[in-house]
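Accompanying notes for the structure given below.
Just so it is clear, the values below take in all heavy atoms, side chains as well, and ignore hydrogens, waters and symmetry mates. Read the numbers this way: they start at 1 and go in the same order the structure lists the ligands and their atoms. These numbers come from a predicted model, not from an experiment.
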Amino acid sequence: MTVAVPPATTRPKMLVGGAWVDAADGRTLDVETPAKRGRVIGRVPRSGAADVDRAVRAAAAAFPAWRAVAPRERGRLLTRIADDLDAAVEDLARTLASETGNAIRTQARPEAKVTADLFRYFGGLGGELKGETEALGEGMLSYTRREPFGVVAAIVPWNVPIQISAWKVAPALLAGNTVVLKPSASAPLAALALARICQAHLPKGVLNVVTGTGDEVGTPLASHPLVAKISFTGNTETGKAILRLAADRIVPVTLELGGKSPQLLFPDADSDRAADGVIAAMRFARQGQSCTAGSRLFVHEDVYDSFLDRLAGKLAKLKVGDPLDEASDMGAIVSRQQFEKVCAYIDEGARQPGARTVIGGLPPSEGRLAEGYYVQPTVFADMRNDWRLAREEIFGPVLVAIPWHDEADAIRMANDTHYGLAAYVWCGDVAKAIRTAHALDAGWVQVNQGGGQVVGQPYGGFKQSGLGRENSLEGMLESFTQRKSVNVNIAP
Ligand code: NAD
């Protein structure tokens, strides 16, 4: 297999106060492509607390002028960014595929497109930053305003790096905040490319990007005294650490965290469509590296064996390979560390007494797929909901299947998790499907549908999957504005 990663290592700088800069101490971080072990495709600044301080101060300095720009004008700039993002889809898609390992056709290009859609969507919401008047009696004029917080720290993971950046940057800027964006050390290149496009339309310091690790950049950013709001997407444990940091200064926090989402399949579901949908919902095309991956599959016992056979037949046809190859359905796991973690779970599943491997397993140690961090779609059957593989977020292409015979018991098992991000119902009876959707503890339930979020729908988790909502008007207002009431005595 020839891996078509960019021939030269790119060395982008990061964005602070409108300037493209190196880390203060000159340190750098290598970015490897997961498509080919050890192949470095980029080198970015490795920042520390001094760089974070510089970026936050630049954002704070830019805030008064930016909040004074009329909301519709801020929206117009976001729309222009969206136009430029549309024009850059192919470049962004290649960068995304190279650094994340996500296949260009099924994941990276759609992510680049949706990033443009998000900037366009939020760009159109300038007129929605409105308040209300309150009836407090004849002698009083009372009204509310929606005001920005100030400097927003936006901390994002590697799995869909620019879509998640857009979820935060676009609404935060529209609402009049300035932003310091911290991409993951595993996938900073597309985020820097996104910033370059944004910067062409924004005043200096309104958007800043600081690259580096969680410890060296994320922690000082989340605890910086001038940061007025934190919007974080990532692991639940990291989210808890950020909440603790924020508690010291009572800084508001929006959290989009992990998941172990259930898929509930009833015997009357259209088996063929459901099998395609289960594959989509499990996000196999993103190697299962999705917070909304439907990674626990509960199948009614009457159709359990036949459905798993059908599912395995479809999974066997997925082409795992070079993320830059248009023919690949699935690419590579993002990093060696993540690959080893996923392999450890697969090893455990394969040796779990009572469980059965339906398809997949540990990746081959030589041959085409051993060149990078490739893992075949893997399904374990006859699992129990209290086993580790059914409880912990694997963040890999590993689906566990559990049979059920009693509906109430199936719903109880689906809800028996400390996560509550997404859930999927596969059912032929619409009333039963809706009753089930209402009974599931999740921020987002899909019925006979396994695809991703639609721009504009409120998105976020129940329980330990998150706090607050994104991707929507409500998300923008909730996450990036604070309400002020103004009372004016107008008595004669
Ligand atoms: P992660 O929590 O390790 O890292 C996320 C970001 O936080 C990175 O930029 C990282 O550098 C930074 N970070 C790490 N430690 C930090 C600290 N102590 N203080 C401040 N920042 C810190 O997550 P990840 O491995 O990059 O991403 C995978 C996780 O993200 C999964 O758990 C997944 O479910 C979750 N996720 C959630 C959503 C959602 O919308 N709910 C979307 C995508 C990913």
Check: Of the choices Thr292, Ile155, Thr233, which has the non-hydrogen atom that lies closest to atom 5 (C) of ligand 1?
Finding: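 It is Thr233 that holds the nearest heavy atom.
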Check: If hydrogens are left out, which of Phe395, Tyr419, Trp158, Trp444 has an atom nearest to atom 33 (C) of ligand 1, that is, the closest non-hydrogen atom?
Finding: Phe395
Checklist line | Heavy-atom closest contact (Ala103 atom, Met330 atom, distance) | finding: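 Looking at all heavy atoms of both residues, the shortest contact is CB-C, 4.1 Å.
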Check this for me, if you would: do [X] and [Y] make a salt bridge, where the nitrogen-to-carboxylate-oxygen distance has to be below 4.0 angstrom?
X	Y	result
Arg109	Glu326	yes
Asp276	Lys314	yes
Arg94	Glu90	no
Arg37	Glu371	no

Which one holds for [X] and ligand 1: side chain close, backbone close, both close, or neither close, with close meaning a heavy atom under 4.0 Å?
X	value
Ser186	neither
Leu257	backbone
Asn159	side chain
Glu393	side chain

Notebook entry, point to check: Is the CD atom of Gln337 crowded by more than 12 outside heavy atoms at less than 6.0 Å?
Noted result: no
Notebook entry, point to check: Passes side-chain contact (heavy atoms from CB on, under 4.5 Å), Phe119 versus Leu85? Steps please.
Noted result: CA-CA 9 Å; Phe119 272 84; Leu85 286 169; 3.6 Å; yes
Considering only heavy atoms of [X], which atoms of ligand 1 have at least one such atom less than 4.0 Å away?
X	answer
Thr219	17 (C), 18 (N), 19 (N), 20 (C)
Leu421	41 (N)
Ile164	42 (C), 43 (C)
Pro183	9 (O)
Ser184	9 (O)
Tyr459	39 (C), 40 (O), 41 (N)

Notebook entry, point to check: Does at least one non-hydrogen atom of Gly212 fall below 4.0 angstrom from an atom of ligand 1?
Noted result: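 It does not, in that no heavy atom of Gly212 comes within the 4.0 Å cut-off of ligand 1.
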Next item on the list: Report yes or no: does a heavy atom of Gly466 sit under 4.0 Å from some atom of ligand 1?
Entry: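 In this structure, Gly466 fails to qualify as a contact of ligand 1 - no heavy atom is under 4.0 Å.
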Note to self: Would you say the rings of Phe395 and Trp158 are close, in the sense that their centroids are separated by under 6.0 Å?
What the structure shows: yes
Nearest to [atom], what protein heavy atom do you find, and at what distance?
atom	value
atom 13 (N) of ligand 1	Gly214 CA, 3.4 Å
atom 36 (N) of ligand 1	Cys291 CB, 3.6 Å
atom 20 (C) of ligand 1	Gly218 C, 3.2 Å
atom 27 (O) of ligand 1	Pro157 CB, 3.2 Å
atom 9 (O) of ligand 1	Val156 O, 2.7 Å
atom 35 (C) of ligand 1	Gly234 O, 3.2 Å
atom 23 (O) of ligand 1	Asn235 N, 3.4 Å
atom 16 (C) of ligand 1	Thr238 CG2, 3.3 Å

Next item on the list: Report yes or no: do Arg283 and Thr292 form a side-chain donor-acceptor pair below 3.5 Å?
Entry: yes
Close side-chain approach of [X] to [Y], heavy-atom, < 4.5 Å:
X	Y	result
Phe380	Leu399	no
Thr178	Val152	no
Asn159	Ile164	yes

Within the structure, does [X] bring an N/O atom to less than 3.5 angstrom of an N/O atom in ligand 1?
X	value
Lys182	yes
Thr213	no
Ala222	no

Item checked: Residue pairs passing the ring pair (Phe, Tyr, Trp, His ring centres under 6.0 Å) test where at least one lies in residues 168-199, sequence neighbours excluded ->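 As it turns out, there is no ring pair (Phe, Tyr, Trp, His ring centres under 6.0 Å) pair with a partner in residues 168-199 once direct neighbours are skipped.
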Next item on the list: Scan Val253, Val251, Ile230 and name whichever one has a side chain to side chain contact (heavy atoms under 4.5 Å, CB included) with Leu243.
Entry: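 Option passing the side chain to side chain contact (heavy atoms under 4.5 Å, CB included) with Leu243: Val253.
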Next item on the list: Measure from NZ or CZ of Arg196 to the centre of the six-membered ring of Trp20 and say whether it is under 6.0 Å with the direction within 45° of the ring axis.
Entry: yes
